[in-house]
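Everything below concerns the one structure shown next.
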Amino acid sequence: MATINKNFNNLGGSYLFSEIAKRTKAFLEKNPNANVLRLGIGNTTEPLSPTIIKGLQLGVEKLAKQETYSGYGDEQGDIRLRTALSLFYQDRGITLNAQEIFISDGAKPDTANIQQIFGLKNVVAVQDPVYPVYIDSNIICGRENIVYMPCTKENNFVPKIPNKKVDLIYICSPNNPTGTVLTKKQLQAFVAYAKKHKAVIIFDAAYAEYITDPAIPKSIYEIDRAKTCAIEINSFSKWAGFTGVRLGWTVVPIDLVTQDSKPGLLNTLWNRRQTTMFNGASNIVQEGGLAVLSKQGKKECQKIIAYYIENAKIIKKTIVGLGLTAFGGENAPYIWLQVPSGMSSWEFFDKLLNETRVVGTPGVGFGKQGEGYFRLSAFGHRENIQKAVLSIQNNLKL
Ligand SMILES: *Cc1c(COP(=O)(O)O)cnc(C)c1O
């Protein structure tokens, strides 16, 4: 007799984006001629740059010829790409060898799967508001003990270090949804906590390339001793527009230890997990990844990121100009605004849609502390961003 994994019953409703779709659809039924302006979704919109297209084309062409055809590659990724990433870190003064870097089909699966190498009794700490994958992947596997680190206006959206002992700590900086970045000192405090309590930090750096302030760390390994207590997960999605192409990586340093493991074991466990359950990222796509990491590729990606950051500036300036309070948007493609007092996130969603036709994301969808906040995304074509801010300026009744 088969039974289901009852842990699924413990998941909170994942109704955020379906509820947004439902309300948007209802609005369009009432206003069939309305042109809805979407600033809601964290999805890239600008085309891939020429160098990266060439890389992907090379990957395709290689498959067309007997001499260069390849089938399955290493589950851990193409050694050329792992080496290129190791050099990428070296440019930042971080020493990691290729064996410590695992290529994947994206950061979302890695952030969801990484918990499999840790014990089920581990207590998990997450930011609130939070990227929901961290919580839900742990709940599906049976961990119920989740500790929330509130990120509020009062603490500048910097997660409060738990006042009790936790074992796994998920940190996302630059942050989705708040757009906050953590300073060196703030990250040092987390590393110190992890060392003291023999905890492991899982650092999601998916937006690292959006950091414009040179004093802000782009990698957790810029912090002393982090290699002994942190895993870093990153992605080509937001950096190079690979949201639909799919490519990411995870760093499990040899030096990483837990209370019950010596250096190297966690790296071996992740290797075992990946070789068992993953058959490697696409060879075509990895060729594209190599192109991203070329000097010209990096330059072209930086240009597109600068375009999104300019979008963020335009949005934030408009919001602040209206007398509202907004955060983020400087080292991240998200603006986190405080909704007018007395309103809930969803009430503001309806108001913004009805008055301005702009669709955003209610903050409460990312956690309890997100109530009273609202996320606007800077991904979009400039003309749509401009239309949206103009409509907000002209039509939002405050
Ligand atoms: C978009 C995003 C990712 C990237 O996921 P991919 O699977 O690489 O596309 C990871 N973490 C956060 C917080 C994100 O917002």
Query - Candidates Lys303, Lys298, Arg92 - the one meeting salt bridge (Lys or Arg N to Asp or Glu O under 4.0 Å) with Glu209 - result: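 For Glu209, the salt bridge (Lys or Arg N to Asp or Glu O under 4.0 Å) test succeeds with only one of Lys303, Lys298, Arg92, which is Arg92.
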
Report task. Establish, yes or no, whether the cationic atom of Arg82 lies under 6.0 Å from the six-membered ring centre of Phe102 and within 45° of the ring axis. Result ->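 Judged by the rule, Arg82 and Phe102 form a cation-pi pair.
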
Report task. Would you verify whether the NZ or CZ of Arg382 falls within 45 degrees of the ring axis of Tyr307 while also being under 6.0 Å from that six-membered ring's centre? Result ->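 Because its charged atom sits under 6.0 Å from the ring centre and within 45° of the axis, Arg382 does stack over Tyr307.
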
**Report entry** Inter-residue atom distance Tyr373.OH - Leu337.CG, 0.5 Å rounding
**Finding:**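 Atom-to-atom, Tyr373:OH and Leu337:CG are 10.0 Å apart.
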
**Report entry** From CZ (Phe190) to CG (Leu182), nearest 0.5 Å
**Finding:**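 Rounded to the nearest 0.5 Å, the CZ-CG separation comes to 7.0 Å.
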
Query - Hydrophobic cluster identity match, Val123 and Leu168, side-chain contacts under 4.5 Å - result: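 The answer is no; the residues belong to distinct hydrophobic clusters.
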
Report task. State whether Arg80 and Glu287 are salt-bridged, where the test is any N-O pair (Lys NZ or Arg NE/NH1/NH2 against Asp/Glu carboxylate O) under 4.0 Å. Result ->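 Yes, this pair counts.
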
Report task. Determine the interplanar angle of the Tyr308 and Tyr210 rings, folded into 0 to 90°, and report it as parallel if under 30°, tilted if 30 to 60°, perpendicular if over 60°. Result ->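 Answer is parallel, since the angle falls under 30°.
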
Report task. Count the heavy atoms belonging to other residues, nucleotides or ligands that lie under 6.0 Å from NZ of Lys165, then report whether that count exceeds 12. Result ->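 Yes - once you tally the heavy atoms of other residues, nucleotides and ligands closer than 6.0 Å, there are more than 12.
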
Report task. For this output row, return yes or no: ring centroids of Tyr207 and Trp239 closer than 6.0 angstrom. Result ->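 For Tyr207 and Trp239, the ring centres are not under 6.0 Å apart.
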
Requested in this report: Identify, with sequence neighbours excluded, every residue that meets side-chain contact (heavy atoms from CB on, under 4.5 Å) alongside Ser86.
Outcome: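 Ser86 satisfies side-chain contact (heavy atoms from CB on, under 4.5 Å) with Ile101 only.
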
Report task. Test side chain to side chain donor-acceptor pair (under 3.5 Å) on Thr243 and Asn43 and set out the steps. Result -> CA-CA 7 Å; Thr243 39; Asn43 200 353; 3.3 Å; yes

